[in-house]
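Beneath this line is the structure, given in structure tokens, with notes to follow.
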Amino acid sequence: MRFRSAAHHEKATSRIGLWLGIAFLTCFVTGLISHAIQHPPSWFFWPSRPVNLYRVTQGVHVISGVAAIPLLPAKLWSVYPKLFERPLVKSVPHALERGSILVLSGAAFFELATGILNVGQNYLWSFYFPDAHHAVAWVAVGSILVHIAVKLPSVRRDPLPDPSRRAFLRTTWLASGVAVVATAGVTVPFLRDVSLLAWRSGRGLPVNRTAAAAGVTRDPSWTLEVAGKHFTLAQLNMMPQTTAELPIACVEGWSQSASWTGVPVADLLTAAGARPGEAVRVHSMEREGLYRTSTLPGEHTSDPLTLLALRCDGEVLDLDHGYPCRIIAPSRPGVSQTKWVNRLEVL
Ligand SMILES: Nc1nc2c(c(=O)[nH]1)N[C@H]1C(S)=C(S)[C@@H](COP(=O)(O)O)O[C@H]1N2
Ligand SMILES: [Mo]
């Protein structure tokens, strides 16, 4: 059987392939950044400014992933007849090329599917998801590079495709654009009202893990331990306060700014006789749960905008947002903005 539909044409295939490649590479690089921030290798450095830096890289990660979702089936559809061409194997290089396409499609599909499920269903897999999503990303990008190397010589430089092919391309761009606009409002403020499919669309600050889910209650005997010294809530409230507009940027892609007020971690360390600029482990009242602790690198503990926040938008912190205090630091993933803090341990 021969396919003559407009979609099944090398030019359309390579155009979509180009955009899919760009979307995947963008997603890969921003994903690696997010992974490195959460599991920093010794050589890794992530700046604490501009305050929205992580918000932007993670927003780009999720948006480029969403943009790729319509591109992947369009690409597969446009090469579909070739995938079943006979003979299935002509030569060793040909077999390798076919094999790499199989790996590529499988890995790409896995990345998009797990990404979307994660975004929609809040850490169903906890440990498993980030590790698998990260490992398979290398497989996907590796096979994309092999595929590009193999295909580049045969991409014909012919003029613009004919009108029906252009229509197929246009439909593909449109689907991709609609997917982005429908979801980007989770992180792009001016799209908030337009993005019908945004998974976090409320105007208020979302809550990712409630106090009830975390098993945390108000504890009148609470104190904050900093490098062995104890501070009561009243003492913290009496220290000089800093107010700053800072975002929470969840790894799921949603982000939201609020006005936070609290004591700079640098001041707390100094008051406790420790030095700002050292890495600090943040502990919370939560007993179990993946995000009950986090690490503030030296770059962050010396930044005067790294706050132990006591207030949000002028009000005493809500229990769900981390009462009595939480970390709010610039350019940092939401998972590390630890709530219900009770100890800062200098590392
Ligand atoms: N102790 C603790 N802090 C936590 C979490 C948690 O599960 N436990 N979740 C984190 C995640 S994933 C995000 S995105 C932010 C969300 O903060 P919010 O619920 O105040 O919006 O809190 C972070 N702080
Ligand atoms: Mo998060």
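Both ligands and their constituent atoms are indexed starting at 1 by order of listing. In this text the structure is predicted, and so the values were computed from the model without any measurement. FYI, side chains are in, hydrogens and waters are out, and symmetry mates aren't considered; it's all heavy atoms of this structure. Numbering of residues begins at 1 and proceeds along the displayed sequence.
Listed for the Q58 side chain is no donor-acceptor partner under 3.5 Å among the backbone atoms of V56. A donor-acceptor pair under 3.5 Å is absent between the side-chain atoms of T183 and the main chain of A198, judged by distance alone. Checking side-chain atoms of Q337 against main-chain N and O of A329 turns up a donor-acceptor pair under 3.5 Å. Side-chain atoms of R326 come within 3.5 Å of backbone N or O of H321 as a donor-acceptor pair. In terms of modelled atom types and a separation under 3.5 Å, the side chain of W260 and the main chain of P247 share no donor-acceptor contact.
Taking the six-membered ring where the residue is Trp, Y54 and W46 present perpendicular rings, their angle passing 60° and hence far from 30°. Taking the six-membered ring where tryptophan is involved, the planes of W77 and Y80 are essentially parallel, since the angle between them stays under 30° and well short of 60°.
Look at M285 and you'll find every heavy atom at least 4.0 Å from all atoms of ligand 1. Residue contact check for ligand 1: A214 places no non-hydrogen atom closer than 4.0 Å to it.
Of all the heavy atoms of E252, none lies under 4.0 Å from any atom of ligand 1, so neither backbone nor side chain is involved. With a heavy-atom cut-off of 4.0 Å, P206 touches ligand 1 through its backbone alone. In I248, the part holding a heavy atom less than 4.0 Å from any atom of ligand 1 is the side chain.
When each atom of ligand 1 is checked for a heavy atom of W254 under 4.0 Å away, the hits are 14 (S), 21 (O). For ligand 1 and W340, the ligand atoms under 4.0 Å from any heavy atom of the residue are 1 (N), 2 (C), 8 (N). Near S284, meaning under 4.0 Å from one of its heavy atoms, ligand 1 places the atoms 1 (N). Those atoms of ligand 1 with a heavy atom of V335 less than 4.0 angstrom away are 10 (C), 11 (C), 12 (S). Taking every non-hydrogen atom of Q337 and a distance limit under 4.0 Å, the qualifying atoms of ligand 1 come out as 22 (O), 23 (C), 24 (N). Atoms of ligand 1 lying under 4.0 Å from at least one heavy atom of T338, given by number and element, are 1 (N), 3 (N), 24 (N).
No donor-acceptor contact under 3.5 angstrom links the side chains of R15 and T172, judged on distance only. Counting only N and O atoms by type, the side chains of R332 and T306 include no donor and acceptor under 3.5 Å apart.
Nearest to atom 19 (O) of ligand 1 by heavy-atom distance, out of K339, R209, H321, is K339. Within the set S294, A213, G204, C250, the minimum heavy-atom distance to atom 14 (S) of ligand 1 is found for C250.
Within a 6.0 Å sphere centred on CZ of F110, other residues, nucleotides and ligands contribute more than 12 heavy atoms.
For a threshold of 3.5 Å applied to N or O pairs, the pair formed by N208 and ligand 1 contains at least one separation below that value. Residue E286 has at least one N or O atom closer than 3.5 Å to an N or O atom of ligand 1.
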